[in-house]
Amino acid sequence: MKTPLSKEEFALIRKAGSILRDCMEELSKEIREGVNTKTLEQKADEFMASRNAKAAFKGYKGFPASICASRNNVVVHGIPSEKEVLRDGDIISIDVGAEYEGYFADSAKTFVVGKVSKEAERLISVTQEALARGIEMAKSGNHVKDISRAIQSFVESNGFNVVRTFVGHGIGRKIHEAPEVPNFCQPHKGRLLEDGAVLAIEPMVNAGTSDVRILDDGWTAVTEDGRLSAHFEHTVIINGRKPEIIT
Ligand code: MG
Ligand code: MG
């Protein structure tokens, strides 16, 4: 068992979370037709530096960029590139981790570029609502599986599928910690949720099959059937009956 987080450590995690929330807000203003995803990465780096923080993904397990920019059929871990220019009708998932004085928060959001299809709109709203329903279950006395079940059942009742290859996670002193927080039910209940636990809850939802495959760059995860994927994530602190969303 790890040592419980101190008051000071919680303050630093909350600070990382608030910087990240502001960073996502800044990035949302940049998302439009004609912008390339490398520019979004540069904006994120500049913003983090301006707040004495840094983007946590760069170099993590060898990931080559500061943010993940995952467009249309890309599920996660899209690598920003000058060659990837946003077009009217795209959806783009931006995933960012923030490190502040050695403490971490993690967040993701799928944005629309211009006018998108009805299916894209519905996929995004279902994924966002799935996250909200997962977060509602993040309270002491519940188990990880209660979060997983809430997400999976909402997604599937809307005719979409949760990704199984990637999962949510504990966070705080490191960007990824135990426990895993899957977006699908496993036979066991998973860890009992206790006050003070910090979780990154992050449904990734595919319009079609839940299967993904990794491109030759070793990172970019795309839907096996080429259909759209959306991703929303917040970092939450479990705090009695009401989870505290810090991102
Ligand atoms: Mg995460
Ligand atoms: Mg993330």
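As the structure lists them, so they are numbered: ligands from 1, and atoms in each ligand from 1. Numbers for residues simply follow the sequence, beginning at 1. Here the structure is a predicted model, which is why all the values come from computation and not from measurement.
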Ignoring hydrogens and geometry, is there a side-chain-to-backbone donor-acceptor pair from H143 to K145 under 3.5 Å? no

As a test of understanding, state which of L131, I201, D106 forms a side-chain contact (heavy atoms from CB on, under 4.5 Å) with H234. L131

Show me, pair by pair, the donor-acceptor contacts under 3.5 angstrom made by side chains of residues 153-162, not counting sequence neighbours?
residue, atom, partner, partner atom, Å
S153, OG, R149, O, 2.9
E156, OE2, Q152, NE2, 3.1
S157, OG, S153, O, 3.1
S157, OG, F154, O, 2.9
N158, ND2, F154, O, 2.9
N161, ND2, G208, O, 2.7

Heavy-atom distance under 4.5 Å between the side chains of T37 and I92, does that happen here? yes

Residues at least two apart in sequence or cross-chain that pass side chain to side chain contact (heavy atoms under 4.5 Å, CB included) with P64, listed by chain then number, are I79, W219

Closer than 2.8 Å to the Mg ion (ligand 1), which protein N, O or S atoms? D106 OD2, H169 NE2, E202 OE2, E233 OE2

Taking distance alone, no hydrogens or angles, what donor-acceptor pairs closer than 3.5 Å link side-chain atoms of residues 111-121 to residues at least two apart or in another chain?
residue, atom, partner, partner atom, Å
S117, OG, A120, N, 3.0
E119, OE2, R227, NH2, 2.8

